[in-house]
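For reference, the structure is listed below as structure tokens.
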Amino acid sequence: MKYGYFDDNALEYVITTPKTPLPWINYLGNKEFFSLISNTCGGYTFYKDAKLLRLTRYRYNNVPYDNNGKYFYIKDGDTIWNPGWQPVKTVLDSYECRHGLGYSTWKSSKDDVEAQVLTFVPMDDNCEISRVTLTNNKKSSARITLFSYVEWCLWNADDDMKNFQRNLSTGEVEVTDGGSVIYHKTEYRERRNHYAVYGVNTKVDGFDTSRDAFLGAYNGPDSPDAVKAGKCTGELASGWSPIASHQIDVTLEPGESRTFIFTLGYIENPEDAKWEAPGVINKERAKALLARYSDETSVDKALAELKDYWKDLLSIYHIKSSNEKVDRMVNIWNQYQCMVTFNMSRSASYYESGIGRGMGFRDSCQDLLGFVHLIPDRARQRIIDIASTQFQDGSAYHQYQPLTKKGNSDIGSGFNDDPLWLIAGTSAYIRETGDLSILDEMVPFDNDMSVAKTLMGHLQCSFNFTATHKGPHGLPLIGRADWNDCLNLNCFSEHPGESFQTFGPSEGPVAESVFIAGMFVKYGEEYAQLCELKGDQAEADRARQEVKKVYDAACTAGWDGEWFVRAYDAHSNKVGSKECEEGQIYIEPQGFCVLAGIGVEEGLAAKALKSVEERLDTKYGVMILQPAYTKYHLELGEVSSYPPGYKENAGIFCHNNPWISIAETVLGHGNRAFEVYKKTCPAYIEDISEIHCTEPYVYSQMVAGKDAKFFGQGKNSWLTGTAAWTFVNISQYILGVYPTHNGLSINPCVPEDFGDFEITRKYRGATYNISVKQNGAQKGISRLIVNGREISGNVIPYEEGVTTYTVEATLG
Ligand code: GLC
Ligand code: GLC
């Protein structure tokens with residue numbers, strides 16, 4: 001069942017009922033000011049950091065779902081309704097929500113009054129614009145009242161929901177222009193130099209700034225006293241819960257429309273210009289901001305800029321094939337999700353509360369893989385930021401806070417895959433741009449510039465960390481966990497409340513990871529290539545020798561007969577082996593070892609993938625392990641704490657499905673690679689939205705596995721490494737346009753019936769117009785013609801000064 005449809009021409013997903021199985025959300029904002037917004041207008045706004053600088057409140061874990069947002073109420077006689085249906089939930093005569101790239105719109109009607117709402121964050125301002133147009137389609141004139149509503153968060157979202165003894169007394173506001181402009185200035189007097197503003201470009205008939213006054217003490221936003229009465233109270237908040245609401249009385253003749261522009265902004269003032277009078281905040285910047293969006297022309301212009309920005313970004317990789325769903329994901333939604341994961345890491349979604357993890361070291365490095373082609377300069381800065389949280393021994397803070405860019409000491413380090421992801425991200429950046437200068441940048445360790453090294457030096461530390469942290473089988477030590485945060489082999493947690501990751505020693509001398517071995521082989525080789533590019537052949541040779549040792553260990557101690565072992569635990573027992581009672585096979589080493597090339601020659605790779613197909617595959621995707629753990633294994637940690645079928649315990653963890661698909665392309669299996677691709681691909685499962693539940697335009701972190709009661713149900717949509725990895729898979733491996741250090745490589749691996757296709761790829765200042773003739777073949781280029789000349793191999797040599805490459809590739 002579907003709850004909407006894709007409008008590919010408009011680059012939008014159109015939701016036709018507010019009653020989606022879960023809130024279906026969108027992200028507004030591209031740089032520093034962000035909003036999450038659901039199809040029923042729920043969500044919240046923050047500047048830079050969802051924990052420390054949050055503008056509006058949201059209530060996670062609440063009933064009903066998706067409670068609190070940026071609401072508009074329309075009171076038409078005795079009927080009160082919202083264009084997004086929530087919070088009043090009056091049955092609407094019509095409803096449509098469109099989520100576009102960085103903006104969302106609603107078009108709804110009730111009793112012949114139509115409301116259109118457009119919400120977006122402009123490219124270069126720290127604000128969210130909502131343009132509300134009301135139209136009277138009645139035969140007689142309509143007297144209606146429009147109310148706006150936002151609830152302020154007292155900035156630190158964590159403290160805001162805990163520290164009531166203080167916070168119920170600190171709230172402060174100011175109001176100007178008869179109530180048109182409302183300022184939230186809590187803590188501005190002492191320790192902050194920023195405030196928020198919510199203004200509308202018209203004279204208002206009332207306002208409220210106190211939640212209790214507006215809603216009534218025991219009411220929720222679904223039945224505000226002020227709206228029911230048709231009149232705000234004009235109360236100035238003092239402590240308790242400050243809000244902002246405007247009341248606008250409108251009389252519309254038949255056929256008449258009126259438009260209002262609401263601006264929700266964040267303003268910072270210099271320390272010496274905080275006040276315009278004692279106790280009165282300096283509003284100069286806020287006024288200038290509101291003035292920039294005071295009429296419809298300026299809003300139209302800002303929206304057009306946003307749309308152009310996206311059109312431009314999406315022209316960097318564009319496919320035209322006969323597979324509508326592939327085109328839609330590649331050209332629009334997968335790249336859009338890559339941008340969002342790059343911006344948010346795992347901080348703020350409807351499943352990540354924004355007060356927890358901040359930026360993940362491994363997560364952000366992987367996000368780069370799907371983002372780097374879009375805005376390489378931002379990727380460059382991100383690499384430096386991430387590397388700055390590394391320690392001198394190559395290990396790294398597992399997470400850091402986006403505002404301070406400092407590592408989180410409460411989680412610390414000890415996740416032994418982290419260091420290698422830095423090589424992955426950096427290598428991707430250099431293959432995309434050819435910019436080797438990044439390797440010479442001086443980068444601090446743990447933000448301490450006095451112990452800085454070049455980025456190349458950091459990569460060496462990463463490489464050496466793994467090379468020098470190996471266990472009894474010559475495999476890399478796992479530490480607190482590797483990619484699988486829940487495989488905690490050194491933890492032994494027996495009491496509730498202990499963190500599986502940070503409880504116990506960070507590293508044991510025994511527990512080893514075959515997954516990290518796969519990573520080391522892949523990224524060790526990429527490190528060696530960077531050494532060669534820097535002219536350091538000796539280091540490249542040394543690296544390859546180290547890689548060889550781990551390769552051999554993976555093929556011996558890491559091989560179980562029909563598939564790769566997952567790990568060795570702290571007692572040196574196998575994890576993910578036929579010897580185990582439960583959890584006999586894990587997806588990670590099968591995907592990563594094979595995509596790294598391990599066992600391809602030896603025939604192990606084909607066996608491993610066959611075992612995946614036989615033991616882990618389902619109609620909704622490939623499960624992370626089987627058989628699911630039915631009891632808690634002290635020696636394995638969190639992985640066995642989830643009920644069977646969920647999350648890391650035999651869920652379909654979407655993130656590593658593309659590893660299997662990529663691995664299949666390594667073996668030339670286009671049919672199977674694409675089959676795996678389709679199973680978790682949102683556009684392909686749109687028509688089972690009632691089962692899948694999460695948004696049909698983005699990936700979720702997890703789909704419940706076959707052992708779960710709700711097999712096929714998605715969870716944790718949006719912020720997942722799945723976005724980057726599926727984009728890498730489809731764009732670089734299946735469609736086969738892969739950036740190498742020497743130029744673009746063309747080597748598709750597609751299903752037999754895929755058909756011919758064309759790709760436009762902008763790369764290092766040139767445009768490549770690539771057409772692929774498939775001839776029913778899955779893989780293997782038989783002819784490659786570049787600008788009229790046939791070339792050998794797959795890599796299009798870069799020619800100085802040539803800005804257009806016409807590429808004709810023939811498979812088979
Ligand atoms: C989550 C984490 C990611 C981890 C994965 C598997 O998605 O964000 O870092 O690799 O879970 O545990
Ligand atoms: C990852 C896992 C999750 C685990 C968390 C711990 O996100 O997906 O299951 O609880 O890591 O940090």
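Both ligands and their constituent atoms are indexed starting at 1 by order of listing.
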**Parallel, tilted or perpendicular, as decided by the 30° and 60° cut-offs, for the rings of Phe415 and His398** = parallel

**Request:** Before accepting this row, confirm whether a basic side-chain N of the pair Asp367/Arg346 lies closer than 4.0 Å to the acidic partner's carboxylate O.
**Result:** yes

**Request:** Starting from the C-alpha separation in whole Å, work towards a yes-or-no answer on side chain to side chain donor-acceptor pair (under 3.5 Å) for Ser35 and Thr45.
**Result:** CA-CA 4 Å; Ser35 288; Thr45 295; 2.6 Å; yes

**Request:** Provide the number and element of each atom of ligand 1 under 4.0 Å from a heavy atom of Gln701.
**Result:** 1 (C), 7 (O), 11 (O)

**Asked** So, does Thr720 sit close enough to ligand 1 that a heavy atom of it is under 4.0 Å from the ligand?
**Response** no

**Prompt:** When you look for heavy atoms under 4.0 Å from ligand 1, do you find them on the side chain of Glu648, its backbone, both, or neither?
**Reply:** side chain

**Request:** Step through it carefully: locate the ring centre of Phe653, locate the ring centre of Trp483, and say whether they are under 6.0 Å apart.
**Result:** yes

**Request:** Using a 4.0 Å heavy-atom cut-off, say whether Asp363 meets ligand 1 through its side chain, its backbone, both or neither.
**Result:** side chain

**Item:** Residues Asp66 and Tyr58: side-chain donor-acceptor under 3.5 angstrom
**Value:** yes

**Message:** Which of the numbered atoms in ligand 1 are under 4.0 angstrom from any heavy atom belonging to Arg362?
**Reply:** 3 (C), 4 (C), 9 (O), 10 (O)

